[in-house]
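Working notes for the structure below.
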Amino acid sequence: MAAQLTDKKTTDATTTDAHLPQVTEPRNPGMPLDLDWVRSVQVNTSAVERRAATLPARRSVKKAHQAAWLLRAITCIDLTTLSGDDTERRVARLCAKARQPVAPDLLNALGMKPITTGAVCVYHEMIPAAKRALEGTNIPIAAVSTGFPAGLSPLELRIREIEMSVEAGAAEIDIVISRRHVLTGDWQALYDEMKAFRAACGDAHVKAILATGELGSLRNVARASLVCMMAGADFIKTSTGKESVNATLPVSLVMIRAIRDYYDRTGIRVGYKPAGGISKAKDAITYLALMKEELGDRWLEPDLFRFGASSLLNDIERQLEHHVTGSYSAGYRHATS
């Protein structure tokens, strides 16, 4: 049963065939800025909040179905370390966990082949360490960039930071937008900035971090999502994880519906990444259910959906062990670093 929701391409996670090729969708080429479309976007906040509030209660799955959903969630995790005290040894341990996120005995009991996480996300300085630790796998390195988390360094430096991370081996770049452009309604400035970031990424996929907790309203979130997609963002992402408010279900619903509108008009699928504050297995299932209901099964693959998380993996592995053995293990047995 668990195998039904896992990636059909999953093989030995220590080989070059491991779990992903990631990229199966065409890049988002973007489109000219359509200010009429942007300004027409409105959000019924109370309706969004009511819809979001129904999800955790209505979408409860149990037993083998739950295990299957949790295995899928693991393949969509950007396993992340973004601390000031990061070291090469910490990054190496994180990458080892990305290569083997679930204990082999648990996978065997579930009848599963090895899986990996969706990516490893680090600061620019840690890219070489991650590259060495992930050699021989197809697990991509994602690097945060553009003056993360505030995004207030000079534009030329932010662009150069992207270029340097791509040169160092990052296959994905998580950029932060200038929140002031959203708060002042300067959509042209946001579009131009995002276009410059997209160009600097070259072949690397770009995830646009909106820092939704600092944008003031759900309408601003919807409009910023749309502008970033018009400018060529391959993913839109909620948060840096450093804000006081990070990923929430109402914000996610608004961003996901912006993705749906963009797809309906352009035929281009853009990915979604909730980040910050998602640490429980049950929350992961809720977010997967939201993606399935609003966008369909295609958005349950790691090339279109990611969790920005680290501690989430610990709880998922504990839940899987409970499913197999009937007992919960101590949290320290599943440490990620």
Side-chain angles (χ1 to χ4, degrees), residues 9 11-28 75-101 115-149 151 153 156-176 194 196-209 232-235 237 240-241 271 273 275 302-304 306-310 313 336-337:
K9 298 175 183 175
T11 56
D12 187 346
T14 63
T15 72
T16 55
D17 296 326
H19 176 60
L20 308 166
Q22 284 275 340
V23 179
T24 58
E25 279 294 315
R27 297 291 301 280
N28 176 20
T75 69
C76 295
I77 291 176
D78 280 2
L79 201 58
T80 302
T81 182
L82 297 171
S83 299
D85 59 352
D86 281 345
T87 64
E88 292 187 359
R89 291 186 64 183
R90 173 182 288 178
V91 170
R93 291 194 298 269
L94 192 78
C95 291
K97 189 67 174 178
R99 296 173 69 134
Q100 186 178 291
I115 59 175
T116 73
T117 64
V120 168
C121 185
V122 295
Y123 279 117
H124 170 81
E125 286 295 302
M126 293 294 113
I127 293 174
K131 189 174 180 180
R132 289 192 296 271
L134 294 174
E135 186 176 359
T137 76
N138 284 338
I139 303 171
I141 299 168
V144 296
S145 193
T146 61
F148 180 96
S153 54
E156 310 85 63
L157 296 182
R158 285 180 279 159
I159 290 173
R160 182 58 186 145
E161 186 180 2
I162 292 172
E163 294 170 343
M164 291 175 65
S165 290
V166 173
E167 291 165 5
E172 302 175 0
I173 303 293
D174 289 28
I175 64 94
V176 288
M194 186 67 231
F197 294 160
R198 169 70 162 81
C201 285
D203 292 334
H205 277 219
V206 57
K207 306 191 196 91
I209 307 173
D234 297 298
F235 265 72
K237 175 180 172 182
T240 66
K273 180 178 174 180
D303 64 331
L304 287 174
R306 301 285 181 79
F307 292 104
S310 293
L313 179 55
T336 56
S337 63

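Keep in mind the model is a prediction, meaning the values are calculated, not measured. Counting begins at 1 with the first residue of the sequence.
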> Rounded to the nearest 0.5 Å, how far apart are CG of Asp234 and CD1 of Ile173?
Replying inline: 11.5 Å

> Can you name the closest pair of heavy atoms from Gly151 and Val176 and give their distance?
Replying inline: CA-CG2, 3.5 Å

> Given Cys121 and Val144, is the side chain to side chain contact (heavy atoms under 4.5 Å, CB included) satisfied, shown in steps?
Replying inline: CA-CA 7 Å; Cys121 185; Val144 296; 3.8 Å; yes

> Which atoms form the tightest heavy-atom contact between Ala143 and Ile127, and what is the distance?
Replying inline: CB-CD1, 3.7 Å

>> Could you tell me if the side chain of Arg132 sits less than 4.5 Å from the side chain of Glu88, heavy atoms only?
In response: yes

>> As an exercise, state the distance from CG of Leu82 to CE of Met126, rounded to the nearest 0.5 Å.
In response: 11.0 Å

>> Run Met194 and Ile175 through side chain to side chain contact (heavy atoms under 4.5 Å, CB included) and show every step you take.
In response: CA-CA 9 Å; Met194 186 67 231; Ile175 64 94; 3.8 Å; yes

> Looking at residues at least two apart in the chain, or sitting in another chain, which of them share a side-chain contact (heavy atoms from CB on, under 4.5 Å) with Ser153?
Replying inline: Arg158

> Which is it for Phe148 and Thr240 under the side chain to side chain contact (heavy atoms under 4.5 Å, CB included) test, yes or no, and what are the steps along the way?
Replying inline: CA-CA 8 Å; Phe148 180 96; Thr240 66; 3.5 Å; yes

> Val120 and side-chain contact (heavy atoms from CB on, under 4.5 Å): which partner among Leu94, Thr80, Ile141?
Replying inline: Leu94

>> Give me each pair satisfying side chain to side chain donor-acceptor pair (under 3.5 Å) with a member in residues 159-168, each pair once, sequence neighbours excluded.
In response: His124-Ser165, Arg160-Glu163, Arg160-Glu167

> At their closest point, which heavy atom of Arg27 faces which heavy atom of Gly202, and how far apart are they?
Replying inline: NH1-O, 3.3 Å

>> Before you tell me yes or no, could you show the steps for Thr81 and Tyr123 under side chain to side chain contact (heavy atoms under 4.5 Å, CB included), namely the whole-Å CA-CA distance, both residues' side-chain angles and the distance that decides it to 0.1 Å?
In response: CA-CA 8 Å; Thr81 182; Tyr123 279 117; over 6 Å; no

> Under 3.5 Å, side chain of Thr116 to main-chain N/O of Arg99, donor-acceptor pair present?
Replying inline: no

> Shortest non-hydrogen contact from Cys201 to Val166?
Replying inline: O-CG2, 3.7 Å

> Within the side chain of Ser83, is there an N or O that forms a donor-acceptor pair under 3.5 Å with the backbone of Asp85?
Replying inline: no

>> Does any part of the side chain of Ile115, heavy atoms only, come nearer than 4.5 Å to the side chain of Pro101, both counted from C-beta?
In response: yes

> For the atom pair OG1 (Thr137) and CD1 (Ile139), what is the distance rounded to the nearest 0.5 Å?
Replying inline: 4.0 Å

> Taking atom CG of Asp174 and atom OG of Ser145, what is their separation to the nearest 0.5 Å?
Replying inline: 9.0 Å

> Can you list the residues that meet the side-chain hydrogen bond (donor to acceptor under 3.5 Å, both in side chains) rule with Asp78, with sequence neighbours excluded?
Replying inline: Lys207, Lys273, Arg306

> What is the distance from atom NZ of Lys237 to atom CD1 of Ile209, rounded to the nearest 0.5 Å?
Replying inline: 3.5 Å

>> Testing the basics here: between Ile159 and Ala200, what is the closest heavy-atom pair and its distance to 0.1 Å?
In response: CG2-CB, 3.8 Å

> Which pair of heavy atoms, one from Ala133 and one from Cys95, lies closest together, and at what distance?
Replying inline: CB-CB, 3.5 Å

